[in-house]
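Every chain is numbered from 1, with letters handed out A, B, ... down the list of sequences.
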Amino acid sequence: MLERKQKNYTLMQADDDEDQVQRRTGEENSLIENLRKVSRHEYLKKREKKIVEKLRDDVEDEQFLFEGVDKLTEAEKREHLYKQNIVELVSKKQCLEEDVDEYRIPDDYDNLEGGRVDQNKRFYVASRRCMEEIKEIHPQQAWEENQMNKAKLIYGSKDRKQTDYQFVFEDQIEFIKATVINVEKHQSTSSESFISNSKLKEDRKALPIYPYKDALLQAVHDHQVLIIVGETGSGKTTQIPQYLHEAGYTRSGGKIGCTQPRRVAAMRVAARVSHEMGVKLGHEVGYSIRFEDCTCEKTVLKYMTDGMLLRQFLREPELAGYSVVMIDEAHERTLSTDVLFCLIKDVARARPHLKLLISSATLDAEKFSDYFDYAPIFKIPGRRFPVEIHHIKEPISDYLDAAVVTALQIHATQPQGDGDILIFLTGQEEIETAENIINHRIRALGTKRAELITCPIYANLPTELQAKIFEPTPEGARKVVLATNIAETSLTIDGIKYVIDTGFCKINSYNPRTGTESLLVTPISKASANQRAGRSGRTGPGKCFRLYTEHSYTNDLEVNTIPEIQRTNLANVVLLLKSLGINDLLNFDFMDPPPSEALLKALELLFALGSLDKDGKLTKMGERMAEFPLDPMLSKMIVASDKYKCSAEIISVAAMLSVGNSIFYSPKDRQVQADNAWMSFHIGNWGDHIALLKVYNSWKETNFSTRWCYENYIQVRSMKKARDIRDQLEDLLERVGIDLTSNVNDLEAIKKSIISGFFPHSARLEKNVCYRTIKNPQICHIHHSSGLSLVFPRWVVYHELVLTTKEYMRQITELKPEWLVEVAPHYYQLKDVEDSSSKKMPRGIGLASSK
DNA sequence: GGCCATCGA
């Protein structure tokens, strides 16, 4: 097939040559004929690019997923090499054509001559990013850890702390101990049919979970719901589904599903398990994440994101295709996991043969147990290196300064090259200032000490710059990684020996009364503090320096972070639950119920958007909106765009809004250029929504060019994500019966569609630079990232309201007040939007009759 | 003239 593809290329070339000859000689050729050729030429160019891109993705995927898998057939290997060759040839050619030198800061892996990307290095770097899961299970690692543990079996001080709690679960411990004996008796009877490779088998046996295998199977057999407490490195995620599969839980046709909070985790674990089972990924073992379904009819072990399983409830409310569902990393308490708890508990009652495993790393398993009708707790020990924890003696006032000083102290006093430093800070700005201070002070020290390399990392940092933290530290030097919470769970950095924990992070919480999200610096929880400390003990014994006193650790910090469900906008969740036929949400069996105010606010909004009727039942409109994996206001905007015949534009806007605020990129050293690029999308005061649309369409016009992004200081990663979302939305349009219609020049139609979804978010200019929201009147300002921040239109509609240092509206568009009445007559009356009576706002304005 | 923690569909 690939050979055919290449032939196509040469054929295309021949076609083109012929074209030229004909064009020169054939006087009689009609103009139309010529145009056709030109357009074909263009089409072929585009097609070539598309095919190459597809090939490149294939190669990346294969390298990423089959890394270390030696089960590939010869044909597969050949094909892979072939693809790789083509991609390399093409990228050589492209690099000559596209000499990109804008905001692309060269880093190690694209430093080859001619700017060519060294794919191997790149994948090395990329795979480091998500080493977490692999670390847990990599055979080499397992072996090494095993050897280390043989020498001295030590548990870290973190573990020591947790022993305090162990007596609480005495029953469960007894339960485990009893079964350990069983394990030894029946060990040899376990099924071994799937593993031919003896090395792999040994590795699997070396995992801490292995001795508990039969006991675990017995427990699953005896109980419908089981809480599993297994620490990092126990092998629970990879082994338990395999054990259950081997024990026959998939024999009657049901799948084993395992959820993960993050996409990379689902992918990597699935890849690992398929490797262990000696099957091809996507066949018996697969994964399913948004934009990527790597499963087939044969799939019996399915790893997926928790959000994915949640969406599956819409199509398959009984989860009939599953015989076992395992919810992994339950302690993280993501919004999706929490909602899954409620739904799955209900399903389990209706389906007595469905097995349910809730797996968590912490010891608040008792709470999980209580929630699931006192389900038994099964504890599996983990493996970790000891971590020494140091607290400060006296409280300090400036944690940023203290963090820098501590880092420098470590650097100065600890042996050279014995490990890197990781500092947890709260955000981008803090990271940048810390970076500056450290660099400055290091320079002042002169060349006496070894080099100290600062590596910032946060989610919004362009990928090219993120890769820096995964490069090995040069001989004799030391790295200091300045990270946000991203390093707490989402990525793992090798070689960290010292953690400096400032004790703070930014946490988002939603105020249902005002509809504001606030992102404020908050003390972390104990669980979080321990997680952070654990980051130093992954590859060897570590040390953690906490910039708070032991007293405040024990007395001031909360035990756990407040679950997301209690501090977020619930509109989306409520719509989902409503479309599953769950009506009484106030008495719904949440593990930690969200504030009733938040539920009411969500219901009120859904009613205003027309997705619920006055009895709280889902309407036809609500059904259509629920199809979209978006915030209900965005969904409503899309459904409304049908009326204004601009659905093509609106789904672009929705996709761009969904990726959030990481579109534009403004590096400190190129601020002027970046500002200019930004300006070019904001001329004419169209507003931010239209600017986003312009960005998307311009990118599309350049055939999704990466170079174009660099030139315009736009983040490629975000744009690609927007494209994926937009593609998905386009597919969904068909499902809800909306035609894809484009009307790019009718800005009024586009704005009216936006307002149809966002009419509850309107505000008017109050005085000077202050705005006042119409509903729940409150003072706010235009965020400085907005194109209208110096324009101050009288009336605006905003995408979101965020409290940072002030109340800011983000992503705004100007509107005519009468549009509000036109689009939402049930919500606004003419008197609400009349400009003349602006002296004082009547109470309850805007809430015309929505109760 | 002042900035956006982190995931997920």
Rounded distance in Å - [atom1] ([X]) to [atom2] ([N]):
X      : N     : atom1 : atom2 : result
A:D631 : B:dC7 : CG    : P     : 19 Å
A:L519 : B:dT6 : CG    : P     : 9 Å
A:H331 : B:dT6 : NE2   : P     : 18 Å
A:M304 : B:dC7 : CE    : C1'   : 18 Å
A:E517 : B:dT6 : CD    : P     : 14 Å
A:L575 : B:dA9 : CG    : P     : 18 Å
A:R315 : B:dA9 : CZ    : P     : 15 Å
A:Q466 : B:dA5 : CD    : P     : 13 Å

Please work out if [X] contacts a base, only the sugar-phosphate, or nothing of the nucleic acid, heavy-atom cut-off 4.0 Å.
X      : answer
A:F628 : nothing
A:I507 : nothing
A:T426 : sugar-phosphate
A:T484 : sugar-phosphate
A:N485 : nothing
A:S658 : nothing
A:F291 : nothing
A:L310 : nothing
A:E429 : nothing

Between [options], which nucleotide gets closest to the side-chain atoms of [X]?
X      : options             : value
A:P629 : B:dA5, B:dA9, B:dC7 : B:dA9
A:I486 : B:dT6, B:dG1, B:dA9 : B:dT6
A:R262 : B:dC7, B:dA5, B:dA9 : B:dC7
A:T305 : B:dA5, B:dA9, B:dT6 : B:dA9
A:M308 : B:dA9, B:dG2, B:dC7 : B:dA9
A:S490 : B:dA5, B:dA9, B:dT6 : B:dT6
A:H784 : B:dG2, B:dA5, B:dA9 : B:dG2

Strictly below 4.0 Å, N to O, side chains only: are [X] and [Y] in salt-bridge contact?
X      : Y      : value
A:R333 : A:D592 : yes
A:R315 : A:E627 : yes
A:E730 : A:R723 : no

Between A:R311 and B:dG8, is there a side-chain N or O to OP1/OP2 distance below 4.0 Å?
-> no
For B:dG8, does either OP1 or OP2 sit under 4.0 Å from a side-chain N or O belonging to A:T334?
-> no
Considering non-hydrogen atoms only, spot the tightest contact between A:I457 and A:I469 and give its length.
-> CD1-CD1, 3.8 Å
Ring-ring centroid check A:F368 A:F341, cutoff 6.0 Å = yes
Where each residue is assigned the nucleotide of DNA chain B containing its nearest heavy atom, which of A:A459 and A:Q728 is assigned the position nearer the 5′ end?
-> A:A459
Tell me which of A:N572 and A:N460 sits closer to the 5' end of DNA chain B, going by the nucleotide each one is nearest to.
-> A:N460
What orientation do A:Y808 and A:H783 show, parallel under 30°, tilted 30 to 60°, or perpendicular over 60°?
-> perpendicular
Sequence neighbours left out, cut at 3.5 Å: what donor-acceptor pairs do the side chains of residues 629-638 of chain A make with other protein atoms?
unit_1: A:D631; atom_1: OD2; unit_2: A:M633; atom_2: N; d: 3.2
unit_1: A:S635; atom_1: OG; unit_2: A:D631; atom_2: O; d: 3.3
unit_1: A:K636; atom_1: NZ; unit_2: A:L609; atom_2: O; d: 2.9

